[in-house]
Protein chains: 2
Amino acid sequence: MQDRITTILKAVADPTRREIFHALVVATTALPITQISNQFDISRQGITKHLKTLEGAGLIHIDTKGRERFCHANANPLKEVNQWLKFYEQFWDGALGDLSDYLDNMS
Amino acid sequence: MQDRITTILKAVADPTRREIFHALVVATTALPITQISNQFDISRQGITKHLKTLEGAGLIHIDTKGRERFCHANANPLKEVNQWLKFYEQFWDGALGDLSDYLDNMS
DNA sequence: TATATTTGCAACCATATAGTTGCGTATTAA
DNA sequence: TTAATACGCAACTATATGGTTGCAAATATA
């Protein structure tokens with residue numbers, strides 16, 4: 001199908017998916033799907049689709065217990081993104097917040 | 001339209017675009033569009049579309065000189081991705097290459 | 001046992017995306 | 001001046017994506 005890194009990047013490229021992932025990361029406990037979908041404006045099925053994408057990227061794991069399916073985040077795949085980024089670090093300048101950032105945001 | 005970080009992530013989520021960006025990053029000189037498209041199997045117009053997406057994300061800049069348009073990379077927007085990642089670093093484990101990575105890749 | 005809750009599956013829809021081809025135009029070279 | 005080169009624009013196609021709804025099945029509760 002596609003690259004692992006591509007799968008991960010596509011997963012986090014969607015803002016809703018990033019929100020879901022974030023909610024799961026900061027949640028102290030694993031959350032069942034309905035409870036997740038209650039936090040969003042889109043339908044449960046919409047959420048389920050996003051969860052599948054996140055699961056496919058390894059960013060969440062789903063645990064079935066009875067009729068409920070508990071989701072918890074796994075940030076490890078992001079290490080791959082971090083590694084991809086690392087190479088380009090030598091090509092960007094300074095720390096965040098310096099002049100070049102200011103100039104970048106002008107355009 | 002959409003978030004800056006979303007625009008950047010979507011730009012790099014496509015493998016072809018990552019390749020183009022990489023080629024421009026490692027090129028010592030700015031490259032005209034035709035020369036870029038010669039390095040790929042897709043049409044010049046296909047490349048042009050990708051270049052526009054990259055430009056929209058601020059990852060490249062295009063300089064017109066005569067009939068040619070020279071493209072050069074700008075890695076700075078990746079700092080934003082780096083910053084987004086940073087928060088999740090506390091939730092992943094160890095250095096790259098340790099046991100948990102091995103386990104991540106098993107699934 | 002009857003009912004309510006949590007979920008998956010499938011079908012469907014609209015739009016975005018990755019790609020193509022054809023054609024016109026500006027610039028450079030012969 | 002003619003021909004070749006580099007490019008943008010527009011139209012088009014196929015498929016992916018983000019979202020919906022309806023329905024059936026499994027599990028939990030009354």
Side-chain angles (χ1 to χ4, degrees), chain A residues 1-24 27 29-73, chain B residues 1-24 27 29-73:
Chain A
M1 171 211 167
Q2 60 186 7
D3 240 286
R4 191 176 162 81
I5 180 78
T6 300
T7 305
I8 298 168
L9 284 171
K10 286 202 167 154
V12 298
D14 183 87
T16 306
R17 250 165 351 235
R18 283 201 308 282
E19 272 194 71
I20 295 173
F21 176 68
H22 190 83
L24 290 172
T29 165
L31 303 177
I33 296 180
T34 301
Q35 193 170 326
I36 297 169
S37 77
N38 286 341
Q39 305 181 37
F40 294 86
D41 280 338
I42 62 184
S43 70
R44 176 182 56 88
Q45 281 312 313
I47 295 291
T48 295
K49 278 196 175 185
H50 283 309
L51 290 173
K52 268 184 188 162
T53 304
L54 288 168
E55 193 184 23
L59 287 163
I60 67 168
H61 183 253
I62 306 182
D63 238 6
T64 304
K65 247 169 207 162
R67 68 182 166 188
E68 285 173 303
R69 308 195 69 208
F70 291 89
C71 307
H72 64 264
Chain B
M1 171 211 167
Q2 59 186 8
D3 240 286
R4 192 176 161 79
I5 180 76
T6 300
T7 305
I8 299 169
L9 283 171
K10 284 201 169 158
V12 298
D14 183 88
T16 305
R17 255 171 341 242
R18 282 200 309 281
E19 271 194 74
I20 295 173
F21 176 69
H22 190 84
L24 289 172
T29 167
L31 304 177
I33 296 180
T34 302
Q35 193 169 326
I36 297 169
S37 77
N38 286 341
Q39 305 179 39
F40 294 86
D41 280 338
I42 62 185
S43 71
R44 175 180 58 86
Q45 282 313 311
I47 295 291
T48 295
K49 278 197 176 185
H50 283 307
L51 291 173
K52 268 183 188 163
T53 304
L54 288 168
E55 194 185 21
L59 288 163
I60 67 167
H61 183 253
I62 306 182
D63 238 5
T64 305
K65 248 169 207 160
R67 67 181 167 186
E68 285 172 302
R69 309 195 68 209
F70 291 90
C71 308
H72 64 266

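What you are looking at is a predicted structure, and each value in this text was computed from that prediction instead of being measured. Lettering follows sequence order; numbering is per chain, from 1.
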| task | Over all heavy atoms of both residues, which pair between R18(A) and A13(A) is shortest? Give the atoms and the distance, please. | result | NH1-O, 3.4 Å
| remark: To the nearest angstrom, the CD-P distance between E55(B) and dC7(D) comes to 13 Å
| query | Touch check for T48(A), heavy atoms < 4.0 angstrom, all strands: base, sugar-phosphate only, or nothing? | reply | sugar-phosphate
| remark: Shortest non-hydrogen pair, H50(B) vs R17(B), comes out as ND1-NH1, 3.2 Å
| request: Return the minimal non-hydrogen interatomic distance between I20(A) and F40(A), and the atom names on each side. | output: CG1-CZ, 3.6 Å
| Closest non-hydrogen atom pair, F70(B) against A30(B) | CD2-O, 3.5 Å
| query | What nucleic acid atoms does K65(A) come within less than 4.0 Å of, heavy atoms only: base, sugar-phosphate, or nothing? | reply | nothing
| said: I'd like to know if the side chain of R69(A) and the backbone of I62(A) have a donor-acceptor N/O pair within less than 3.5 Å. | reply: no
| Segment of DNA chain C, first to last nucleotide, that comes within the 4.0 Å heavy-atom reach of chain A | dA4(C) to dC9(C)
| note | Scoring nucleotides 13-20 of chain D by protein non-hydrogen atoms under 4.0 Å (B base, S sugar-phosphate only, - none) yields ----SBBB
| task | May I ask you to test the L31(A)-C71(A) pair for a side-chain heavy-atom distance under 4.5 Å? | result | no
| Sequence-distant partners of H22(A), side chain to side chain donor-acceptor pair (under 3.5 Å), two or more places apart | Y88(B)
| Minimum heavy-atom distance between L9(B) and V12(A), given as atom pair plus value | CD1-O, 3.4 Å
